[in-house]
Amino acid sequence: MRLKSDFTTITLALIPVAIVINIVVGNIVQVVLKLPIYLDSIGTVLVAVLAGPLAGAVTGALSNIIWGILFSNPTIMPFAITAFCIGLVAGWLAGRGILKNILATIVGGLLTGAVAAIVSAPIAAYIFGGITGSGTDWLVAFFQATGANILQAATLQGLISDPLDKTISFLVVWIILRGMSQRYLSHFPRANNVIRS
Amino acid sequence: MIQLDHVTYTYPQAKHPALSDISLEITESSLVAIVGPSGAGKSSLCALLAGFIPHHFHGILQGRALVHGQDIANTPLAELVTHVGYVFQNPFTQLSGAKLTTREEIAFGLENLGVPRLEMAERVDRVIELFSLRDIANRSPYEISGGEMQRVALASIFVMKPRVLVLDEPTAQLDPLGARQVFEAIRTLTNTQSVTVIIVEDKTEWIATFADRVITLHEGRVVLDGSPDAVLTSPLLAEIGIRVSHYTQAARAASRHRLWPSELALPTTLDKAIDGFKRARKKYENLG
Amino acid sequence: MLIGFSARWPHLPVALFVFLILPLAVWGQLLRELGRTTLAVIFPFALSITLVQGFFYPGATHVIFSLGPFALKEEGLLFAYGTLGKILLLAGAGLLLLFSTHPADLILALVQHGFPNALAYIVVTAIQLLPHMQAKAMAIVNAQRARGLETETNLWRRSRALLALVGPLVFSALVDVHERALALEARAFSAPCSKTSLKELHDTREEALARWAIIVLSIAFIAWQIGGL
């Protein structure tokens with residue numbers, strides 16, 4: 001269901017804005033508020049819901065790459081793959097109506113987070129030796145100390161932090177979309193993911 | 001050039017039409033001003049001429065709307081924009097964002113149309129000269145003033161050679177200096193190029209001086225249509241809530257006290273007002 | 001100098017490639033900047049990986065140093081060293097590319113080689129919009145702080161601050177999207193013809209040759225590595 005026709009002009013106008021939302025919010029959360037989550041996928045989920053999985057995936061991947069470019073940190077770029085998958089999954093779930101009520105939204109977030117963790121783990125394990133340089137590395141240490149290999153440790157660490165992060169992202173997107181008028185939403189290609197009939 | 005035949009348009013899910021039974025014809029290269037209170041349908045009319053209605057906004061469009069013989073409803077938007085250019089109110093959101101210099105920003109429309117590089121460069125440079133943008137041609141579009149941004153927008157649209165240019169309150173978000181720069185640019189355009197400019201503005205003094213025709217909208221209908229002197233002195237304006245020029249108001253008040261020559265039409269500009277009051281003084285001097 | 005670089009990551013003698021990146025940096029007069037940024041990027045990794053893998057590498061037995069219940073093991077340290085080398089290479093090559101080529105030119109090069117035009121629009125626009133939205137975000141943060149929002153106390157309060165900050169920011173960003181789309185339409189963005197470009201990237205023959213050489217060498221090397229395993 002990933003149609004090229006999802007990339008209308010308004011989708012293309014939305015994507016850079018969503019990318020910037022990802023980066024700015026991610027920065028506020030991680031640096032200003034210093035909360036233990038990333039929250040750098042709100043834009044990705046937003047685009048995925050309004051314009052489909054591929055558009056969301058592109059948003060995610062490019063956000064990652066541009067973050068790396070602008071903050072002179074190439075080491076986060078391999079995780080563009082994860083961001084890409086988040087967009088795909090969120091878009092697919094949105095197509096299945098996951099954003100129609102709050103409970104489904106939470107489930108969607110948990111699912112997406114799990115996928116994100118599973119996709120990130122091999123990247124973290126094989127390129128970075130299981131380390132991300134952030135505070136969650138002690139979790140990896142813990143799991144390895146209790147017998148897991150690097151890949152397993154990275155996966156477990158991911159499964160603890162990612163679902164929470166993505167669920168919060170989904171909820172934020174849900175709240176925001178509820179606050180937008182039908183007329184505004186109707187211009188997007190996948191508006192029926194959110195339009196209340 | 002522009003022909004509207006009993007056009008009625010209603011936005012999706014709206015209860016009342018934004019445009020009701022509008023019939024208009026604009027044929028010559030001229031400066032046409034559209035005035036009206038807020039909600040009268042001015043922006044909707046502009047959106048229609050550009051093709052955004054119905055292609056972007058959908059909704060229900062009745063009647064016939066033709067631009068250069070092309071039916072607006074049945075011509076793809078990408079083609080319509082080459083005939084009718086549109087300049088927005090907000091200088092910032094109008095910038096593409098994809099270009100690092102003003103010169104490239106101006107070329108953006110031509111790039112999208114696949115114009116060959118040499119021709120593109122020539123046209124861009126000519127337009128830069130026309131609007132006196134050489135000083136900022138190599139600056140980032142985000143590092144210039146609001147007035148400069150709007151002039152760049154004007155240049156970026158005009159370089160695509162539309163025959164009609166629609167400007168929807170282009171100076172509403174600018175400071176007086178910026179507004180003046182933009183008005184000058186528009187004047188340069190109408191003086192030297194053969195293009196029809198349709199502008200929505202509330203600065204009646206400017207319209208009175210430079211417009212060739214004024215159309216007044218009220219509740220989606222055309223209520224007045226004629227020369228600036230005729231339209232801008234009509235008592236109907238105050239009734240529907242449009243700000244009338246100070247000169248007109250002063251002369252109208254004066255004429256109630258018989259201090260304005262009764263054979264003279266009410267003035268819309270400072271010069272006409274001065275002339276009129278001079279004549280009134282002469283009259284009294286001759287009597288006394 | 002606009003070069004389309006692509007350094008590949010060989011798996012094993014990674015540290016060796018440091019001898020390739022650094023001289024290139026010197027040639028491009030980027031050494032100081034590159035060095036400083038690479039170190040800044042590497043540092044958190046270096047710290048973390050030495051500690052985590054040094055102490056907890058699975059299956060390691062060769063103890064070097066003991067601190068109470070924690071033992072620093074040789075295999076772990078070796079692994080840490082190898083991985084750090086890889087990360088160093090990744091960071092170094094990436095930064096070399098970023099510092100020597102303006103992102104807009106990089107994207108333009110990609111587009112001229114076949115990537116969709118929309119990519120250029122998306123990336124450059126995102127880069128140009130970022131400072132404005134960041135400024136808006138700081139303004140919202142300050143406004144909310146003035147209204148008593150707490151951004152520096154406990155976790156619970158900081159979490160509450162989240163929605164008060166994120167909500168208005170995202171809303172205001174989305175409001176414009178409509179008009180941006182219309183403005184793009186007005187510039188024939190959705191015209192179905194093939195696009196041209198005012199700006200030209202000059203690709204000299206030496207650069208194109210160097211590019212091909214790098215790609216061929218990298219593929220050969222990787223094949224050799226995989227074959228040898």
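Just so we're on the same page: letters track the sequence lines, and every chain starts at 1.
At a heavy-atom cut-off of under 4.5 Å, chain B is reached by C:Arg187, C:Ala188, C:Phe189, C:Ser190, C:Ala191, C:Pro192, C:Cys193, C:Ser194, C:Lys195 from residues 187-195 of chain C, listed in order of number. Residues of residues 121-150 of chain B lying under 4.5 angstrom from chain C, judged on non-hydrogen atoms, are B:Ala121, B:Ser140, B:Tyr142 by number. Heavy-atom proximity under 4.5 angstrom to chain C picks out B:Leu77, B:Ala78, B:Val81 from residues 69-84 of chain B. Residues of residues 167-177 of chain C that come closer than 4.5 Å to chain B, counting heavy atoms only, are C:Asp176, ordered by residue number.
Here the straight-line distance linking atom CZ of B:Phe92 with atom CD of C:Glu179 works out to 12.0 Å at 0.5 Å rounding.
Closest approach of C:Gln128 and B:Lys99 over heavy atoms only: NE2-O, 2.8 Å.
Side-chain contact check for C:Tyr121 versus B:Asn112: every heavy-atom pair is 4.5 Å or farther apart. When side chains are defined from C-beta on, C:Leu198 counts as touching B:Glu104, because their heavy atoms get closer than 4.5 Å.
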*Could you walk me through whether B:Glu111 and C:Thr196 pass side-chain hydrogen bond (donor to acceptor under 3.5 Å, both in side chains), step by step?*
CA-CA 5 Å; B:Glu111 288 180 353; C:Thr196 48; over 6 Å; no

*Trace of the side chain to side chain contact (heavy atoms under 4.5 Å, CB included) decision for B:Phe57 with C:Leu182*: CA-CA 10 Å; B:Phe57 289 101; C:Leu182 284 177; 4.0 Å; yes

*asked:* Could you go through B:Tyr86 and C:Glu185, starting from their C-alpha distance and side-chain angles, then the distance that decides it, and tell me whether this counts as side chain to side chain contact (heavy atoms under 4.5 Å, CB included)?
replied: CA-CA 10 Å; B:Tyr86 193 104; C:Glu185 292 283 10; over 6 Å; no

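When heavy atoms are compared at a cutoff of 4.5 Å, C:Leu129 approaches chain B solely by way of its side chain, counted from C-beta outward. For a residue to count as touching a neighbouring chain, one of its non-hydrogen atoms must lie under 4.5 Å from one of that chain's; by this rule B:Glu119 does not touch chain C. Contacts between B:Leu95 and chain C at a heavy-atom distance below 4.5 Å involve the backbone alone (N, CA, C, O).
Comparing B:Ser156, B:Ala50, B:Gly85 by heavy-atom pairs within less than 4.5 Å of chain C, the highest count is held by B:Ser156. When each of B:Gln89, B:Met120, B:His55 is checked for heavy-atom pairs under 4.5 Å with chain C, B:Met120 comes out on top.
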